[in-house]
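Structure first, then comments.
Each residue takes its place number in the sequence, starting with 1.
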Amino acid sequence: MVSDSTTQSGRYSFARAVVEGGLWFSGSSFAVKAVGIANTILVLRLLSVYEYGLYHLVLAAYGLASVFFLSGFDQIVLADLMRAKGEGDPGRARRIFSEFFLLKAGIGAALFFAVFFGARAVGSWYGADIAHLVRIISLLFLLVPLERAMNMVFNYHLSFRAMSLYTLTEEALKLVALLFFIFVAGMGVSGVVLAVVSASAGAFVVFLPRAVRLFGAIPVPIPVPMRQESGRGPAFLLVSAFSDYGKWAVGFRYLGDFQRHLRPWLIRFFLSTEAVGIFAIAENMYGQVVGLVPLVNVFVPAVAQHIADRTGIRKLLYVCVKYGTPFFVILGIASVPALWVLIYAVFPQYAEALPVFYIFLLTAFTAGVSNILMAVFYAERRQRAHFFIMASTVAVTLIFGILLIPAFGVAGIAMEFVISAFFFNGARLWYLFRRYPELRFAPRLLFSFGAEDKALLRSALSNARGLIFRFRNAPRA
């Protein structure tokens with residue numbers, strides 16, 4: 001096993017963290033998608049239409065209950081954790097971590113008991129055959145707090161390798177579990193649900209030794225209440241964070257989910273259920289393409305830890321706009337022939353989704369800057385502004401959806417998707433440049449290759465060579 005170089009994260013440079021994280025997440029993303037496709041094909045071939053519908057009902061029940069995990073708050077905690085590390089305050093970082101774990105553990109335990117013992121009521125409403133599946137999936141509520149805590153440990157040490165390989169390991173274990181529960185145990189849909197739970201538990205067990213090694217010992221002290229400056233009483237750090245800016249992040253997350261679920265219902269209202277399917281296929285293809293390079297997982301911890309390095313953040317923003325934009329555009333163009341062949345060779349019934357997908361690809365012009373904007377908003381604790389920008393974007397979605405769907409059909413909602421993406425990212429960029437003028441750069445630099453570009457190229461090549469050298473010469477157990 002290659003030793004984890006991220007134990008020396010204190011000596012990480014901003015550029016090196018971004019380069020290494022980008023390489024690990026991008027590389028593992030291809031493998032994750034390949035294994036995920038294998039899992040999907042296996043499930044689709046082995047389950048009947050009724051069983052597959054039952055499986056998705058169980059996942060939907062889990063998803064609905066998971067709303068109470070306050071997932072939108074996780075990025076706030078991560079940003080505060082990395083800020084504490086960057087400011088040289090490990091004690092505060094440990095308190096944030098322990099409060100986060102106790103919060104998630106408490107919510108997870110409550111959700112487990114509610115769903116596990118409420119499964120009988122679900123069964124009486126939908127049918128007895130779903131009750132035992134709901135009980136199985138409820139075990140995930142006990143595993144999620146452990147997984148989130150482990151992810152925080154990896155983020156704290158900028159262990160991008162562990163973070164990227166965790167998802168790949170979980171998908172691989174799911175494939176193994178599917179093969180066992182279905183072919184060996186002959187369990188059908190219950191085996192598929194068990195495979196999901198088993199893969200989650202297995203990935204945690206596999207990476208637990210690395211998490212313990214990186215952190216020295218995972219800290220779980222009982223948080224000591226902190227007296228507020230106003231003297232009004234004790235408060236936990238996360239309570240203070242939630243009341244100040246965390247609530248806006250949770251609201252932002254809920255608005256994003258509302259926007260995502262609004263589009264299918266607009267299509268159903270104006271068109272048909274089949275049109276919803278065409279839109280879903282096109283949206284999924286677009287998500288697969290831009291998801292090949294999930295840089296937001298790198299930017300959030302790196303930017304938060306180095307928030308005082310304004311020059312470094314400006315350079316990263318500049319690189320994302322100037323070089324990230326053409327990269328995602330080229331990636332989108334390259335995906336066109338590959339997906340055209342895939343659709344017509346394997347899924348010709350979904351050929352109508354291709355023109356819609358081509359319209360979606362216009363948002364590739366915003367993909368390069370979108371991830372870094374998200375990271376900067378979290379690191380700067382500008383969640384209130386983020387919330388209102390998202391609220392405005394939801395209004396744009398509603399207005400243009402109503403106007404364009406009747407006129408252009410499914411293509412109309414794809415046009416709305418593009419308009420909303422440009423509005424959302426344009427508004428965020430305008431806000432940051434107005435609020436933080438030190439992050440601005442002259443537009444003419446986007447169309448030239450000067451001294452700053454040469455310096456950035458030399459830095460990127462130097463970091464890449466260093467990473468390759470360290471990887472090839474790292475001691476192996």
Would you check if [X] and [Y] make a side-chain contact, meaning some heavy-atom pair closer than 4.5 Å?
{"X": "Y358", "Y": "M285", "result": "no"}
{"X": "F377", "Y": "Y431", "result": "yes"}
{"X": "F100", "Y": "R148", "result": "yes"}
{"X": "F112", "Y": "R135", "result": "no"}
{"X": "L439", "Y": "Y318", "result": "no"}
{"X": "L317", "Y": "V376", "result": "no"}
{"X": "L271", "Y": "L266", "result": "no"}

Could you go through residues 391-418 and list every donor-acceptor pair under 3.5 Å that involves a side-chain atom there, pairing it with any protein atom two or more places apart or in another chain?
unit_1 : atom_1 : unit_2 : atom_2 : d
S392   : OG     : F388   : O      : 3.0
T393   : OG1    : I389   : O      : 2.8
T397   : OG1    : Q259   : NE2    : 2.9
T397   : OG1    : T393   : O      : 3.2
T397   : OG1    : E416   : OE2    : 2.8
T397   : OG1    : S420   : OG     : 3.1
E416   : OE1    : R263   : NE     : 2.7
E416   : OE2    : R263   : NH2    : 3.1
E416   : OE2    : S420   : OG     : 2.6

Next on the checklist: With salt bridge (charged side-chain N to carboxylate O under 4.0 Å, His left out) as the rule and sequence neighbours excluded, what pairs involving residues 419-443 come up?
Outcome noted: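 Salt bridge (charged side-chain N to carboxylate O under 4.0 Å, His left out) check on residues 419-443 returns R310-E438.
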Checklist entry - What pairs of residues pass the salt bridge (charged side-chain N to carboxylate O under 4.0 Å, His left out) test when at least one of them lies in residues 173-182, not counting sequence neighbours? => result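 Of all non-adjacent pairs touching residues 173-182, those that pass salt bridge (charged side-chain N to carboxylate O under 4.0 Å, His left out) are E171-K174.
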Item to check | Set of residues satisfying ring-ring contact (aromatic ring centres under 6.0 Å, His included) with respect to F181, sequence neighbours excluded | outcome: none
Next on the checklist: Among residues at least two apart in sequence or on other chains, which ones pass ring-ring contact (aromatic ring centres under 6.0 Å, His included) with W265?
Outcome noted: none
Please report the interatomic distance [atom1]([X]) to [atom2]([Y]), rounded to the nearest 0.5 Å.
{"X": "R382", "Y": "R384", "atom1": "CZ", "atom2": "CZ", "result": "10.5 Å"}
{"X": "I313", "Y": "I372", "atom1": "CD1", "atom2": "CD1", "result": "7.0 Å"}
{"X": "L373", "Y": "C320", "atom1": "CG", "atom2": "SG", "result": "8.5 Å"}
{"X": "L168", "Y": "E170", "atom1": "CG", "atom2": "CD", "result": "10.5 Å"}
{"X": "H386", "Y": "W248", "atom1": "NE2", "atom2": "CH2", "result": "14.0 Å"}
{"X": "F328", "Y": "T325", "atom1": "CZ", "atom2": "OG1", "result": "9.0 Å"}

Item to check | Heavy-atom pair with the smallest gap, counting every atom of L255 and M390 | outcome: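 Reported closest heavy-atom pair: CB-CG, 3.5 Å.
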Name every donor-acceptor pair, under 3.5 Å, that has one atom in a side chain of residues 191-201 and the other anywhere in the protein, sequence neighbours excluded.
unit_1 : atom_1 : unit_2 : atom_2 : d
S198   : OG     : L194   : O      : 2.8

Next on the checklist: I'd like to know if the side chain of N151 reaches the main chain of E147, judged simply by a donor and an acceptor atom lying under 3.5 Å from each other, with no hydrogens or angles considered.
Outcome noted: no
Checklist entry - Between T363 and T366, is there a donor-acceptor pair closer than 3.5 Å when you use the side chain of the first and the backbone of the second? => result no
Checklist entry - Using 30° and 60° as the class limits, which term best fits the ring planes of F360 and Y286: parallel, tilted or perpendicular? => result parallel
Item to check | Donor on one side chain, acceptor on other, R210 and Y166, under 3.5 Å | outcome: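 Note: R210 and Y166 side chains miss the donor-acceptor criterion.
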Checklist entry - Would one find more than 12 heavy atoms of other residues, nucleotides or ligands at under 6.0 Å from atom CZ of F258? => result no
Item to check | Residue F270 excluded, over 12 heavy atoms near CZ under 6.0 Å | outcome: yes
